[in-house]
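Here's the structure we're looking at; comments come further down.
Computation of the quantities below employed the complete heavy-atom set of this structure, encompassing side-chain atoms and omitting hydrogens, waters and symmetry-equivalent molecules.
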Amino acid sequence: MNAIQITVFGRVQGVGFRYTTKRLADNLGIYGSVQNNFDDSVTIKASSPDSTQLERFIQRIKKSPTPAGKVTEYTETPLTNYNPTEFTVLY
């Protein structure tokens with residue numbers, strides 16, 4: 001399974017970013033989680049057996065899945081042994 005952690009910075013809190021990320025993940029068959037961080041960034045862990053769908057998800061995240069958001073910077077880290085069975089919004 002392909003898995004990645006993405007941390008996005010910019011206008012990503014208070015704009016519906018987590019909920020639209022979940023909706024996007026559900027539509028693409030992506031499993032994982034999304035969570036706000038104390039430094040105003042958002043961390044997403046994403047996993048999929050379909051690398052094409054995972055890449056589509058990553059590209060949409062980089063552009064911001066919500067019209068009110070704006071990603072100005074991001075980091076990507078590959079994950080190993082990460083096999084969630086659903087996509088959740090963490091608080």
Side-chain angles (χ1 to χ4, degrees):
M1 188 163 290
N2 305 299
I4 191 165
Q5 176 174 302
I6 306 165
T7 302
V8 293
F9 302 86
R11 189 178 26 198
V12 294
Q13 289 192 16
V15 294
F17 195 95
R18 288 179 300 162
Y19 296 100
T20 54
T21 296
K22 179 178 177 14
R23 192 173 325 135
L24 174 63
D26 290 345
N27 288 338
L28 294 175
I30 305 295
Y31 304 117
S33 64
V34 59
Q35 164 176 2
N36 283 347
N37 300 317
F38 290 114
D39 65 356
D40 294 328
S41 66
V42 171
T43 296
I44 303 153
K45 292 182 180 178
S47 175
S48 174
D50 184 338
S51 60
T52 301
Q53 290 296 77
L54 184 59
E55 186 57 35
R56 283 185 182 129
F57 178 78
I58 293 166
Q59 293 308 313
R60 289 282 307 276
I61 293 300
K62 289 178 183 178
K63 294 177 183 175
S64 182
T66 179
K70 182 174 182 172
V71 174
T72 58
E73 183 181 342
Y74 64 90
T75 62
E76 293 181 21
T77 306
L79 296 175
T80 56
N81 299 319
Y82 183 70
N83 299 304
T85 58
E86 64 182 352
F87 197 93
T88 57
V89 176
L90 303 176
Y91 299 93

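- Put simply, CG on Asp50 and CG on Asn2 are 8.0 Å apart, with the number rounded to the nearest 0.5 Å.
- Val15 and Phe9 sit in two unconnected hydrophobic clusters of ILVMFWY residues. Membership requires side-chain heavy atoms under 4.5 Å apart, directly or through other members.
- Of all heavy-atom pairs between Ala3 and Leu54, the closest is N-CD2, 4.2 Å.
- Scanning both residues, Ser48 and Gln53, for their nearest heavy atoms gives OG-CB, 4.4 Å.
- Residues Leu24 and Ile61 form a side-chain contact, since some pair of their non-hydrogen atoms from C-beta on lies under 4.5 Å apart.
- Taking 4.5 Å as the limit, some side-chain heavy atom of Phe87 sits within range of a side-chain heavy atom of Thr21.
- A donor atom on one side chain and an acceptor atom on the other are found under 3.5 Å apart for Asp39 and Ser41.
- Residues Ser33 and Lys45 are in side-chain contact: their nearest non-hydrogen atoms beyond the backbone lie under 4.5 Å apart.
- No donor-acceptor pair under 3.5 Å is formed between the side chain of Arg60 and the backbone N or O of Ala25.
- Counting only heavy atoms from C-beta outward, the side chains of Asp40 and Val12 never approach each other to under 4.5 Å.
- Looking only at distances, a side-chain donor or acceptor of Gln13 sits under 3.5 Å from a matching main-chain atom of Asn37.
- Here the CG atom belonging to Asp26 is positioned 3.5 Å from the NZ atom belonging to Lys22, to the nearest 0.5 angstrom.
- Within 6.0 Å of OH on Tyr74 lie no more than 12 heavy atoms contributed by other residues, nucleotides or ligands.
- Both Ile6 and Val71 are part of a single hydrophobic cluster, where members link through side-chain heavy atoms under 4.5 Å apart.
- Not one N or O on the side chain of Thr88 forms a donor-acceptor pair closer than 3.5 Å with the backbone of Leu90.
- For the residue pair Gln59 / Arg56, no side-chain donor-acceptor distance below 3.5 Å is found, with atom types taken as modelled.
- Here the OG1 atom belonging to Thr7 is positioned 8.0 Å from the CD1 atom belonging to Ile44, to the nearest 0.5 angstrom.
- Using a 4.5 Å heavy-atom cutoff, the side chains of Val42 and Val34 are in contact.
- Taking all atoms of both residues into account, the shortest heavy-atom contact from Phe57 to Ala46 is CE2-CB, 3.6 Å.
- Between Thr20 and Pro65 the shortest heavy-atom distance is OG1-CG, 3.6 Å.
- Hydrophobic cluster membership is shared by Ile58 and Leu28, with clusters built from Ile, Leu, Val, Met, Phe, Trp and Tyr side chains linked at under 4.5 angstrom.
- Both Val8 and Tyr91 are assigned to one and the same hydrophobic cluster, defined by single-linkage of ILVMFWY side chains at heavy-atom distances under 4.5 Å.
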